[in-house]
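One structure below.
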Amino acid sequence: MTTVRIPAGWPATEEQARAVQDELRSRVVLDEDGPGPGTGHVTGVDVAYDDERDVVAAAAVVLDAATLDVVAEATAVGRVSFPYVPGLLAFREIPTVLAALDALPCAPGLVVCDGYGLAHPRRFGLASHLGVLSGHPTIGVAKNPFTFTYDEPGPARGNTSPLLAGTEEVGRALRTRDGVKPVFVSVGHRVSLDTACAHTLALTPEYRVPESTRRADSLCRQALKEALSPGETGVSDYRV
DNA sequence: GCGACAG
DNA sequence: ATCTTGTCGC
């Protein structure tokens, strides 16, 4: 597991963070379809926090897109780099997530984020931000509609409805299991919305949430526990 | 001004 | 996100 420091020049205020989003937003690539579902690698990323101790752990889990078997894993631990502010989630997660991605022994392929991409107040959510900084194709799969509106999709797995910011479609509500609350899919970087939804369906043969996120979620929680466990060498680094 | 608000 | 036991069900 690698350790991370907050990057120099990292925004310290909400105003600065919003300015960074406005600046980087122009680098998002939206004219690529992205890798086809069921081919290559799909990587889930997620983070867990201990705000008391100011520690954050990230995990990246690479799956074979065809079989959903785990191909590789990596974790990283760092200090919390920003408070949670709706619309500024990326500043809280990205340094540690990037470190986990960098620690992977293979190419991640499509990166699946726990949150939003284009479906964001300034059209630059976590998935888009991570895509621009890493260069990888990314999508966002969120469990809640955030500030957006949507009509309930049909009851069957695969049914969708537009996720709307006013009249603009910023993503899609996608039912991944029959009769179960949908997830909310949006484009991050270098992937079309159709491709993003197809991948999300391919990643949910059994559960509502993508297998990639489930794997990354359990791994980052485990990494956080280990980083905080007594006697762990890493802990001292976060108390300085 | 007040409430809502990804994780 | 996180705080948290048991419990109902496949």
Side-chain angles (χ1 to χ4, degrees), chain A residues 11 14 17-18 20-21 24-25 28 44-61 75-98 100 111-132 138-150 162-166 168-174 176-189 193 196-197 200 205-210 212-225 227-228 238:
Chain A
E14 298 183 20
R18 285 186 207 98
V20 170
Q21 291 180 329
L24 294 180
R25 181 176 43 204
V28 176
V45 293
D46 195 17
V47 302
Y49 303 94
D50 184 317
D51 283 298
E52 282 293 286
R53 302 189 188 216
D54 201 36
V55 175
V56 53
V61 179
T75 60
V77 174
R79 307 187 73 163
V80 174
S81 52
F82 210 84
Y84 173 66
V85 179
L88 300 179
L89 177 66
F91 295 94
R92 188 169 166 77
E93 311 206 332
I94 275 191
T96 319
V97 169
L98 279 177
V111 178
V112 180
C113 297
D114 194 1
Y116 280 114
L118 283 192
H120 178 274
R122 286 167 295 285
R123 305 295 177 267
F124 195 68
L126 170 66
S128 299
H129 201 147
L130 186 65
V132 165
T138 60
I139 67 172
V141 181
K143 298 181 286 297
N144 296 294
F146 200 10
T147 62
F148 306 105
T149 61
Y150 68 101
L163 184 65
L164 300 172
E168 178 185 1
E169 181 180 36
V170 293
R172 213 164 271 168
L174 170 62
T176 55
R177 307 296 304 158
D178 290 351
V180 174
K181 173 180 175 172
V183 296
F184 305 90
V185 180
S186 60
V187 165
H189 181 61
L193 185 52
C197 288
T200 303
E206 192 171 4
Y207 298 97
R208 172 189 176 233
V209 168
S212 43
T213 357
R214 299 183 73 253
R215 288 307 222 304
D217 180 78
S218 65
L219 182 58
C220 70
R221 292 191 199 214
Q222 177 186 320
L224 181 64
K225 281 187 182 177
L228 295 174
Y238 309 110

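Naming: A, B, ... by sequence-line order, numbering from 1 per chain.
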Sugar-phosphate only, base, or nothing, as touched by A/Y49 at under 4.0 Å among non-hydrogen atoms: sugar-phosphate
With a non-hydrogen cut-off below 4.0 angstrom, is A/A119 in contact with a base, only sugar-phosphate, or nothing? nothing
Ignoring hydrogens and angles, tell me if any N or O in the side chain of A/T138 forms a donor-acceptor pair with the backbone of A/V111 under 3.5 Å. no
Around A/K181, counting heavy atoms of other residues, nucleotides and ligands shown, do more than 12 lie under 6.0 Å from its NZ? yes
Taking any atom under 4.0 angstrom from a heavy atom of chain A, which nucleotides of DNA chain B are the first and last to qualify, 5' to 3'? B/dC5 to B/dG7
Sugar-phosphate, base or nothing in reach of A/D46, heavy atoms under 4.0 Å: sugar-phosphate
Separation of atom CZ in A/R92 from atom P in C/dA1, rounded to whole Å: 11 Å
Hey, is the main chain of A/C197 close enough, under 3.5 Å, to the side chain of A/R172 for a donor-acceptor pair? no
Which word best sums up how the rings of A/F91 and A/F82 line up, parallel for under 30°, tilted for 30 to 60°, or perpendicular for over 60°? tilted
Nearest heavy-atom neighbours spanning A/S128 and A/G117: OG-C, 3.3 Å
Convert the base pairs of DNA chain B into dot-bracket notation, remembering that pairs crossing earlier ones are written with [ ] and that bases paired across to another strand are shown as |; include only Watson-Crick or G-U pairs under 3.5 Å. .......
Quick one: does any side-chain atom of A/H120 pair with a main-chain N or O of A/G87 as donor and acceptor, under 3.5 Å? yes
Closer than 3.5 angstrom, by distance alone: can the side chain of A/R177 be matched with the main-chain N or O of A/P205 as a donor-acceptor pair? yes
So A/D114 and A/K143, salt bridge (Lys or Arg N to Asp or Glu O under 4.0 Å) or not? Walk me through it. CA-CA 8 Å; A/D114 194 1; A/K143 298 181 286 297; 2.9 Å; yes
A/R221 CZ to C/dT4 P, straight-line distance once rounded to whole Å: 14 Å
Separation of atom CG in A/L224 from atom P in C/dC3, rounded to whole Å: 9 Å
Using every non-hydrogen atom in the two residues, find where A/R92 and A/S81 come nearest and quote the distance to one decimal. O-OG, 3.6 Å
Under 4.0 Å between any heavy atoms, over every strand shown, what does A/G87 touch: base, sugar-phosphate, or nothing? Just pick one. base
Answer with base, sugar-phosphate or nothing: what part of the nucleic acid does A/L163 contact at a heavy-atom distance below 4.0 Å? nothing
